[in-house]
Amino acid sequence: MRALRPLALLLLGLLALPTRSEAQHSAANGKHDCFQRHLREAIELNRERLPLYSQLTDGASERISRRLIWSERLALPVAWYIDRRASGYLQAGIPLVCDEFVSMELTPPFRARAPIAPQPVTTFRPTDTRRVRRAVRGSYRQGGFPGVSAVLEGELRRLEDAPTYHCMLRHLLESALRIANLAPIQAARAEELGMDSPEGLSWLLLRLHLLTLEDAARLDRAAAPLQAEGIPIICQDVPPIAPLPEGWETR
């Protein structure tokens with residue numbers, strides 16, 4: 001796992017992929033690059049916002065912005081591999097590695113100030129990401145994806161009292177929850193079509209989220225002093241992620 005550490009940054013740029021209709025359109029046109037297209041869009045977004053935040057913070061935010069951009073660029077080869085693994089399912093009409101994430105268009109517009117009064121930085125409490133990873137892996141071994149969903153829902157509830165902070169960690173947990181919720185649905189659709197189960201690929205994608213949690217927590221710690229000043233860096237650079245795509249029935 002430690003050998004994968006550099007690639008663990010690949011999701012830190014806010015995984016916001018095309019919607020279901022966009023995924024189906026891409027599949028119909030032979031385009032199976034949802035993950036890669038997302039990363040390029042995220043790179044563009046963070047490049048555009050880097051100087052805006054830098055001006056607000058006298059350059060203090062640049063390290064955060066550049067780390068996001070670097071992680072997204074580093075991730076492109078891994079994204080190519082994930083997209084390639086998912087391409088057969090896309091061709092069959094199962095929008096794997098596309099439905100799991102929301103549209104980048106849902107990312108909030110840039111604002112110089114947070115819409116709500118920030119909490120004091122003294123209220124920021126780091127999250128033990130190793131504990132979260134252990135809990136998720138243990139729940140997967142014992143209860144599969146439904147067990148994972150229950151753990152992730154609990155972790156998200158822990159963050160509800162700190163809306164000013166933990167924005168990257170919260171985003172990754174929301175994204176992981178969506179993957180866990182969709183995995184049994186995608187597997188059932190594949191079974192109906194006589195295809196191999198895609199649950200292994202879903203678990204790989206979720207594991208990549210787990211690998212990024214520590215790096216996400218570091219970014220959140222770095223961003224906390226700026227967020228305490230009312231500068232919503234990261235928080236307004238990620239789209240909200242629903243537990244399931246619109247129209248899907250809940251478990």
Does a side-chain heavy-atom distance below 4.5 Å link [X] with [Y]?
{"X": "Leu226", "Y": "Ser61", "answer": "yes"}
{"X": "Arg221", "Y": "Phe124", "answer": "yes"}
{"X": "Glu72", "Y": "Arg40", "answer": "no"}
{"X": "Leu76", "Y": "Phe35", "answer": "no"}
{"X": "Thr127", "Y": "Val132", "answer": "yes"}

Practice item. Output, in order, the C-alpha distance, side-chain angles, deciding distance and verdict of side chain to side chain contact (heavy atoms under 4.5 Å, CB included) for Leu182 and Ser202. Key: CA-CA 9 Å; Leu182 274 171; Ser202 296; over 6 Å; no

Point to revise | Residues Asp215, Arg67; criterion salt bridge (Lys or Arg N to Asp or Glu O under 4.0 Å); working and verdict | key: CA-CA 10 Å; Asp215 296 290; Arg67 186 170 179 85; 3.6 Å; yes

Mind listing the closest non-hydrogen atom pair of [X] and [Y] along with its distance?
{"X": "Pro163", "Y": "Arg170", "answer": "CA-NH2, 3.9 Å"}
{"X": "Leu90", "Y": "Pro95", "answer": "CD2-CA, 3.5 Å"}
{"X": "Ala190", "Y": "Pro198", "answer": "CB-CD, 3.7 Å"}
{"X": "Pro115", "Y": "Arg111", "answer": "CB-NH1, 3.2 Å"}

Check your understanding: Can Glu174 and Arg178 be said to form a salt bridge (Lys or Arg N to Asp or Glu O under 4.0 Å), step by step?
Key -> CA-CA 6 Å; Glu174 289 177 348; Arg178 188 174 173 113; over 6 Å; no

Test item: [X] side-chain N/O and [Y] main-chain N/O as donor-acceptor pair under 3.5 Å:
{"X": "Gln119", "Y": "Asp161", "answer": "yes"}
{"X": "Asn46", "Y": "Leu68", "answer": "no"}
{"X": "Asp83", "Y": "Trp80", "answer": "no"}
{"X": "Arg125", "Y": "Thr122", "answer": "yes"}
{"X": "Ser149", "Y": "Phe145", "answer": "yes"}
{"X": "Thr164", "Y": "Pro118", "answer": "no"}
{"X": "His209", "Y": "Leu205", "answer": "yes"}
{"X": "Ser139", "Y": "Ala135", "answer": "yes"}
{"X": "Arg113", "Y": "Glu229", "answer": "yes"}

Point to revise | Worked check of salt bridge (Lys or Arg N to Asp or Glu O under 4.0 Å) between Arg189 and Glu192 | key: CA-CA 5 Å; Arg189 295 182 68 184; Glu192 291 173 357; 5.9 Å; no

Nearest-0.5 Å distance that lies between atom [atom1] in [X] and atom [atom2] in [Y]:
{"X": "Gln36", "Y": "Ile82", "atom1": "CD", "atom2": "CD1", "result": "10.5 Å"}
{"X": "Leu244", "Y": "Asn181", "atom1": "CG", "atom2": "CG", "result": "4.5 Å"}
{"X": "Leu213", "Y": "Arg218", "atom1": "CG", "atom2": "CZ", "result": "11.5 Å"}
{"X": "Ser65", "Y": "Glu48", "atom1": "OG", "atom2": "CD", "result": "12.5 Å"}
{"X": "Asp237", "Y": "Leu45", "atom1": "CG", "atom2": "CG", "result": "6.0 Å"}
{"X": "Leu201", "Y": "Ile179", "atom1": "CG", "atom2": "CD1", "result": "9.5 Å"}

Review point. Aromatic rings Phe110 and Tyr53: how do their planes relate, parallel, tilted or perpendicular, breaks at 30° and 60°?
Key: perpendicular

Among the clusters formed by ILVMFWY side chains lying less than 4.5 Å apart, do [X] and [Y] turn up in the same one?
{"X": "Ile233", "Y": "Val121", "answer": "no"}
{"X": "Leu211", "Y": "Leu169", "answer": "yes"}
{"X": "Leu52", "Y": "Ile69", "answer": "no"}
{"X": "Leu172", "Y": "Trp203", "answer": "yes"}
{"X": "Ile64", "Y": "Leu50", "answer": "no"}

Exercise for review: Assess whether side chain to side chain contact (heavy atoms under 4.5 Å, CB included) is satisfied between Val97 and Arg85, documenting all intermediate values.
Suggested key: CA-CA 9 Å; Val97 191; Arg85 288 276 306 272; over 6 Å; no

Check your understanding: Heavy-atom count around Glu191 CD within 6.0 Å, excluding the residue itself: above 12?
Key -> no

Review point. If you draw a 6.0 Å radius around CG in Asp196, do more than 12 non-hydrogen atoms from other residues or ligands fall strictly inside?
Key: no

Review point. Should Arg131 and Glu155 count as an ion pair when the cut-off is N to O under 4.0 Å?
Key: yes

Review point. Charged N to carboxylate O below 4.0 Å: is that the case for Arg47 and Glu44?
Key: no

Check your understanding: Which of these, Glu41, Arg49, Gln236, sits in a side chain to side chain contact (heavy atoms under 4.5 Å, CB included) with Thr107?
Key -> Arg49

Review point. Between Thr123, Asp220, Ile234, Leu159, which is the residue that forms a side chain to side chain contact (heavy atoms under 4.5 Å, CB included) with Tyr165?
Key: Thr123

Review point. Hey, mind stepping through Glu214 and Thr129 against side chain to side chain donor-acceptor pair (under 3.5 Å) and telling me if it holds?
Key: CA-CA 6 Å; Glu214 185 176 348; Thr129 56; 4.9 Å; no

Exercise for review: Using the side chain to side chain contact (heavy atoms under 4.5 Å, CB included) rule, take Gln227 and Cys167 through it: C-alpha gap first, then chi angles, then the decisive distance, then the call.
Suggested key: CA-CA 10 Å; Gln227 293 163 345; Cys167 294; 4.2 Å; yes

Practice item. Mind running side chain to side chain contact (heavy atoms under 4.5 Å, CB included) on Ser71 and Thr212 for me, showing each step along the way? Key: CA-CA 10 Å; Ser71 68; Thr212 67; over 6 Å; no

